[in-house]
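Report on the following structure.
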There are 2 protein chains.
Amino acid sequence: MENTAVNTKDKILDISQDLIQKRGFNAISFQDIADLVGIKKPSITHHFASKEVLGIAVVQRYRETFATALNRLTNDESVSARDALNFYFTPYQDLGETGDKICLCASLAGEFMALPIDMQKEVALFFNDHLAWLEEILVKGQKLGEFNFTEKPKDLAHLFVDALQGALIVQRATQNFSQLDRIIRTLTVKLKS
Amino acid sequence: MENTAVNTKDKILDISQDLIQKRGFNAISFQDIADLVGIKKPSITHHFASKEVLGIAVVQRYRETFATALNRLTNDESVSARDALNFYFTPYQDLGETGDKICLCASLAGEFMALPIDMQKEVALFFNDHLAWLEEILVKGQKLGEFNFTEKPKDLAHLFVDALQGALIVQRATQNFSQLDRIIRTLTVKLKS
DNA sequence: GTCTATACAAAGATAGAC
DNA sequence: GTCTATCTTTGTATAGAC
């Protein structure tokens, strides 16, 4: 999940993502992005034809970065279900520590009806990716005796995604930055085998 | 939680709230509001001096409406903890059924860093109100033997708020509209005494 | 209390020089 | 690939008539 761009195009993507996670898509402008990248406003157009095109690129990259990381975990037989789940929490924990950023897709989902349709599709894919991955991990962990729970795996996967995304949103607003860690503990305690 | 305004000022508040719940604060304009209210754009200024003033009024009213309803439940001795909790779910369920709206404060919290400071404060108060109320109800239900759970009431209150808010956000994006009801069931099953 | 008219700034986007 | 210059639209806000 590193963002250390060398070329301008990636810098634009990095800074746009950062700004959206802080303020949302509709509250940022080419001017904001250009200022932080260190170029002039119209130069962005050379890399991304429109704000919509830029927005789509940002979400797509974000979703694919997660998909790749999650698939790697699932395919690696040496990684236990519990380790995989713990690894899943780390990006949320990193976001929580920033104090001013939430998940890109939570930010976009908050203004969902004001998004271009192609951005909406990417956001939906992101959540569905995560729900499916979590369900798979929970089933795997249950089968191998790592987890012990009575809920349906699908319901528990929903609970995890909703609670984690909600926790980041709520804790940023309330400035109560221990909340995410507490939620993670509350969620995982129920998996004790 | 009814919104059937008779005067223009309340109509502006109602429509603004509705639009923010759908699209967020930064994505809406006086023009959008005026069109739906059926007046001209500058007429809004007569009722609310600025967009910020309007925004503050919308959140404040929203927060106070909830606070009043929740306090009524807490003060009414004839209402059991379980009934109070079930009543707490109904606004979320109503929102879930719209298919395109989320909690006003979740929408605002998603673009938190792009909000005027006084709107931020109102949003924070809203969440803290709900967290405190839920904790109180959980403690009460536990004492009276209505609920049976092992988590700390504060942690469970966090889980409820985060999961409910998260569920509305995620289900709107994924168009999977059974998710909120499933989350509510998942959450309440753990309270079975 | 609502309107028309307008001011002013900022938005996204394009053209064309370098 | 980045710039300056410019276009067009839209945003919030104000002035003043009715």
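Letters A, B, ... are given to chains in the order of the sequence lines, protein chains preceding strands, and every chain is numbered from 1.
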Are A/Trp133 and A/Phe66, when compared by the centres of their aromatic rings, separated by less than 6.0 Å?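 Not under 6.0 Å, so no.
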
Please report the closest heavy-atom contact between A/Leu104 and A/Val59, naming both atoms and the distance.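 It is CD2-CA, 3.8 Å.
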
Closest heavy-atom contact between B/Ile44 and B/Ala34?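 Nearest pair, atom of B/Ile44 first, then B/Ala34: CD1-N, 3.8 Å.
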
Which part of the nucleic acid does B/Ile28 contact within heavy-atom distance under 4.0 Å: base, sugar-phosphate only, or nothing?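 Counting heavy atoms under 4.0 Å across all strands, the contact made by B/Ile28 is with sugar-phosphate only.
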
Base, sugar-phosphate or nothing for A/Leu54? Non-hydrogen atoms, less than 4.0 Å.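 If one applies the 4.0 Å heavy-atom cut-off, A/Leu54 turns out to touch nothing in the nucleic acid.
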
Begin from the C-alpha positions of A/Glu111 and A/Asn26 and carry the test side chain to side chain donor-acceptor pair (under 3.5 Å) through to its verdict. CA-CA 8 Å; A/Glu111 52 187 342; A/Asn26 285 296; 2.9 Å; yes

Expected output is a numbered-order residue list: members of residues 37-51 of chain B with a heavy atom under 4.0 Å from any atom of DNA chain D. What is it?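 Under 4.0 Å from DNA chain D: B/Lys41, B/Pro42, B/Thr45, B/Ser50, B/Lys51.
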
On the six-membered ring of B/Phe48, is B/Lys9 placed so that its NZ or CZ lies under 6.0 angstrom from the centre and within 45° of the ring axis?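 Because its charged atom sits under 6.0 Å from the ring centre and within 45° of the axis, B/Lys9 does stack over B/Phe48.
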
Cation-pi check for A/Phe25 against A/Lys51: NZ or CZ below 6.0 Å from the six-membered ring centre and within 45 degrees of the axis, yes or no?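 The answer is yes, since A/Lys51 meets both limits relative to A/Phe25.
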
Salt bridge check, B/Arg23 against B/Asp32: does any charged N sit closer than 4.0 Å to a carboxylate O?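 Yes.
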
Salt bridge between A/Glu146 and A/Arg82, side-chain N to carboxylate O under 4.0 Å?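 So A/Glu146 does not pair with A/Arg82 through a salt bridge.
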
Find the distance [X]:[atom1] to [N]:[atom2] and express it as a whole number of Å.
| X | N | atom1 | atom2 | result |
| --- | --- | --- | --- | --- |
| B/Phe30 | C/dA7 | CZ | P | 20 Å |
| B/Glu52 | D/dA13 | CD | C1' | 14 Å |
| A/Asp35 | C/dA10 | CG | C1' | 13 Å |
| B/Asn7 | C/dT2 | CG | C1' | 15 Å |
| B/Phe25 | D/dG11 | CZ | C1' | 12 Å |
| B/Ile33 | C/dT2 | CD1 | P | 14 Å |

Check nucleotides 16-18 of chain D for protein N or O atoms closer than 3.5 Å to its own N or O atoms and list the pairs.
none

Any side-chain heavy atom of B/Phe160 within less than 4.5 Å of one from B/Leu191?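 Yes, at least one pair of side-chain atoms sits under 4.5 Å.
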
